[in-house]
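Down below is the structure, laid out as structure tokens.
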Amino acid sequence: MSNTPVRVRFAPSPTGPLHMGGVRTALYNYLFAKKHNGTFLIRIEDTDQTRFVPGAQDYIMDALKWCGIMPTEGPGLGGDFGPYIQSERKEMYRPYADELIKNEKAYYAFDSSEDLSQMREQALKMGMPNWQYNNVTRGSMQNSLSLPADEVQRRLDNGDPYVIRMKMPRNVDVRFEDEIRGWVVVNTNNVDDKVLFKSDGMPTYHLANIVDDHLMKITHVIRGEEWLPSAPLHVMLYEAFGWDCPKFAHLPLLLKPDGNGKLSKRDGDRLGFPVFPTDWKSEDGEIYTGYREQGYFPEAFINMLAFLGWNPGTTQEIFSLDELVASFTLDRVAKAGAKFDPDKTKWFQQQYLRGAENALLAEKLNIVLDNKYSLDKLTVVCGLMKERATFIEDIWTEGSFLLERPIEFDEQTVNKKWKDESEALMAEWSTVLSSIDSFVAENIESTFKTFLAEKELGIGAVLPLFRLLLTGKGMGPSMFEISEFLGKDECIARISIGITSLQKV
RNA sequence: GGCCCAUUCGUCUAACGGUUAGGACAUGCGGUUUUCAUCCGUAAAAUAGGAGUUCGAUUCUCCUAUGGGCUACCA
């Protein structure tokens with residue numbers, strides 16, 4: 001086993017947008033594959049054609065691409081094990097189902113869905129809330145185990161609809177070692193005769209997933225905890241086919257930030273954070289916002305996701321994708337579900353914004369601003385503003401004054417600081433400013449200090465006024481750096497314009 | 001209801017039988033800053049409960065409680 005190349009798969013069904021829990025599953029698969037120089041592939045599980053949602057597959061691929069965790073095999077990507085969409089593999093599954101029937105591991109069942117729901121209803125009335133199609137009940141149902149052989153043949157020849165069910169043995173302990181949870185044991189008495197092949201000619205998830213994982217030479221099945229209960233069935237199927245079983249790792253769930261339960265798309269609307277990696281427009285026109293559109297960097301999103309259920313065992317929290325690959329191991333994945341924390345997510349984003357090169361931020365900002373300003377200027381703006389921003393947009397909403405003259409002046413600051421004598425003081429300061437030869441922050445600052453000393457005033461009595469006139473705000477970055485960036489002429493102009501504006505108030 | 005899985009500060013988690021139970025986010029309070037943010041310091045904050053095993057249990061076992069998942073011809 002140690003010599004066989006690692007191959008893992010992410011197997012979403014195209015029933016809608018991929019939510020962040022799914023992205024995390026994909027991420028862990030990606031990290032595990034890269035860590036072991038293996039292959040990460042994607043397989044679309046669309047065996048339930050009634051739940052197909054147009055656009056979902058494209059959404060999934062696009063989202064993974066944005067996250068930077070693209071598989072190397074999959075639909076549209078090529079690979080030696082295709083096709084990678086189960087509906088396109090439809091013809092491959094039937095022979096495997098037949099094989100199980102021949103080996104008496106499975107059987108035909110003719111009961112209709114209506115028969116079954118009636119059966120369950122009846123059982124419920126008799127105080128049995130979990131009726132199952134299994135070892136003890138199948139004898140009284142319509143199937144190739146209970147019906148005479150000629151009757152079975154007659155029905156098959158007649159084209160009666162049927163499904164193929166797994167013949168679960170009685171009272172067998174199925175055990176497997178989960179990479180995260182250790183040994184898991186389930187008795188077959190608690191597993192029903194699952195449908196493997198549906199009457200519409202498609203396999204169910206259970207059959208398709210085993211056949212495909214085998215054919216695609218999957219070595220590790222890393223998936224959500226919701227699959228844990230059906231893992232024993234899957235183990236039984238591998239045994240029934242006589243195939244090697246891949247290793248299993250069942251990931252803890254992502255929970256709502258408040259209360260309990262699985263994180264759902266509704267929680268995002270309710271609590272005001274994205275649940276999806278990118279925007280999704282549902283068929284009825286409803287829009288679910290994504291992390292991308294909210295302004296999160298994919299690196300921050302991925303970093304946050306990686307830490308929801310995994311940690312490196314050190315105090316390092318900021319990890320590039322490559323660093324995650326190097327550090328990731330399944331044995332450091334937690335067992336218990338993790339409540340999603342929107343605050344921590346913002347913190348990760350803040351860290352990445354702060355750590356980014358100014359020029360890079362400027363490029364992103366430039367796109368938002370439609371190339372309206374020069375990249376050089378935007379680079380300085382980003383450098384000045386990024387310490388107090390979380391998203392690129394914040395840089396602009398807080399720092400647009402650097403490129404646009406202020407139209408409004410912060411009311412609170414005006415009320416608090418703008419006094420009768422302020423106008424004269426600022427006019428005087430303006431004159432002093434105009435006398436500075438080399439208009440750089442350092443000189444402006446020393447000139448300012450001299451000015452204060454001459455006027456016998458404190459910083460707090462002068463600088464806020466200067467800031468107000470130049471930026472319209474009561475807070476922000478260093479005034480001396482701002483002044484240098486604006487340039488002498490602009491500073492003097494703004495002081496003059498500002499004074500005029502405040503006179504009217 | 002049945003089966004399975006889980007349970008350390010409010011949240012994410014560390015501590016693979018011996019620690020003053022550690023870190024991060026959020027929160028409170030200080031310091032730095034013209035201001036805001038940053039940054040620095042600091043405080044408060046947890047082993048669900050009960051039995052065992054052991055010289056010693058957060059750690060191992062069992063029971064209870066709580067939470068979650070599954071219980072479809074869905075994935």
Side-chain angles (χ1 to χ4, degrees), chain A residues 11-15 45-48 50-51 86 109 111-113 116-117 120 124 127-133 161-165 178 180-181 184-187 189-192 194-206 208-209 223-232 250 252-253 255 257-262 304 307-317 331-332 334-348 350 354 385-390 394 398 413 417 448 452 458-468 473-480:
Chain A
S13 52
T15 54
E45 310 227 320
D46 60 345
T47 51
D48 183 359
T50 64
R51 295 215 304 159
Q86 287 184 328
D111 321 270
S112 69
S113 303
L116 293 174
S117 48
R120 290 197 179 90
L124 188 63
M128 292 154 55
N130 63 326
W131 182 86
Q132 289 191 314
Y133 205 120
Y162 63 87
V163 300
I164 295 173
R165 283 183 180 272
D178 188 276
I180 293 168
R181 289 151 207 285
V184 177
V185 186
V186 179
N187 190 282
N189 290 354
N190 299 313
V191 185
D192 61 350
K194 279 273 181 302
V195 172
L196 300 177
F197 204 85
K198 300 186 277 187
S199 56
D200 66 356
M202 284 293 263
T204 60
Y205 165 81
H206 301 293
N209 137 73
R223 75 222 307 191
E225 187 185 333
E226 67 268 28
W227 296 108
L228 199 51
S230 52
H250 290 93
L253 262 17
L255 274 20
D258 64 333
N260 296 304
K262 221 167 27 161
M304 175 277 294
F307 270 71
L308 239 37
W310 173 87
N311 78 85
T314 66
T315 55
Q316 185 184 348
E317 293 202 88
D331 61 6
R332 293 207 68 90
K335 296 181 179 76
K339 281 187 185 174
F340 171 68
D341 183 353
D343 282 333
K344 188 96 187 216
T345 307
K346 273 194 180 165
W347 178 80
F348 273 111
Q350 207 174 50
R354 218 156 278 162
M385 298 306 300
K386 71 176 177 183
E387 286 291 296
R388 57 209 80 216
T390 300
D394 296 340
E398 298 298 316
T413 313
K417 298 283 183 183
F448 179 76
L452 284 187
I459 294 177
V462 186
L463 207 54
L465 297 174
F466 184 35
R467 177 183 298 282
L468 184 67
K473 293 175 183 294
M475 55 184 143
S478 157
M479 273 317 293
F480 309 114

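Sequence lines set the chain letters: A, B, ... in the order given, protein chains first and strands last, and positions in each chain run from 1.
Distance, A:Asp331 CG to B:C16 P: 13 Å, rounded to whole Å. Taking atom CG of A:Asp178 as the reference point, atom C1' of B:A6 lies 13 Å away to the nearest angstrom.
The side chain of A:Asp341 sits closest to B:C25 out of B:C4, B:C25, B:A6.
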**OP:** Using a 4.0 Å heavy-atom cut-off, write out nucleotides 30-46 of chain B from 5' to 3' as B (base contacted by protein), S (sugar-phosphate only) or - (no contact).
**Re:** ----BBBBS--------
Original post:
Just by protein heavy atoms under 4.0 Å, how would nucleotides 58-75 of chain B read 5' to 3' in B, S and -?
Top reply: ---------SSBS-SBBB
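Comparing the C1' positions of B:U47 and B:U8 gives a spacing of 4 Å, expressed to the nearest Å. Taking atom P in both B:C29 and B:G68, the straight-line distance is 35 Å, to the nearest Å. Spacing of P atoms, B:U35 relative to B:A45, comes out at 32 Å, to the nearest Å. One P atom belongs to B:A48, the other to B:C39, and the distance between them is 33 Å to the nearest Å. On the C1' atoms, B:C9 is 12 Å away from B:A24, given to the nearest whole Å. With P as the reference atom, B:U58 and B:U64 are 22 Å apart, rounded to whole Å. Taking atom P in both B:U27 and B:A51, one finds a spacing of 40 Å when rounded to whole Å. When the P atom is used for both B:G2 and B:U11, the distance is 29 Å, rounded to whole Å.
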Subject >> Evaluation steps, side chain to side chain contact (heavy atoms under 4.5 Å, CB included), between A:Leu463 and A:Phe480 >> reply: CA-CA 10 Å; A:Leu463 207 54; A:Phe480 309 114; 4.2 Å; yes
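In this structure, the side chain to side chain contact (heavy atoms under 4.5 Å, CB included) partners of A:Asp394, at least two apart in sequence or on a different chain, are A:Ala389, A:Thr390, A:Phe391, A:Thr397. Not counting sequence neighbours, the partners of A:Phe340 by the ring pair (Phe, Tyr, Trp, His ring centres under 6.0 Å) test are A:Phe273. Residues meeting the side chain to side chain contact (heavy atoms under 4.5 Å, CB included) test with A:Pro464, sequence neighbours left out: A:Lys417. Scored by the side chain to side chain contact (heavy atoms under 4.5 Å, CB included) test, A:Asp178 finds A:Phe176, A:Ile180, A:Arg181, A:Val184, A:Leu228, A:Phe248, A:His250 as partners (sequence neighbours excluded).
Contact annotation for A:Gly309: backbone-only contact, meaning every heavy-atom pair under 4.0 Å involves sugar-phosphate atoms and none involves a base.
Base pairing annotation: B:U27 forms a Watson-Crick or G-U wobble pair with B:A43, both donor-acceptor distances under 3.5 Å. Pair assignment for B:G52: B:C60, on the basis of Watson-Crick or G-U wobble contacts that are both within less than 3.5 Å.
Put simply, the residue from A:Arg165, A:Arg120, A:Lys194 that forms a side chain to side chain contact (heavy atoms under 4.5 Å, CB included) with A:Tyr133 is A:Arg165.
Counting heavy atoms from C-beta on, the side chains of A:Met385 and A:Pro477 come closer than 4.5 Å.
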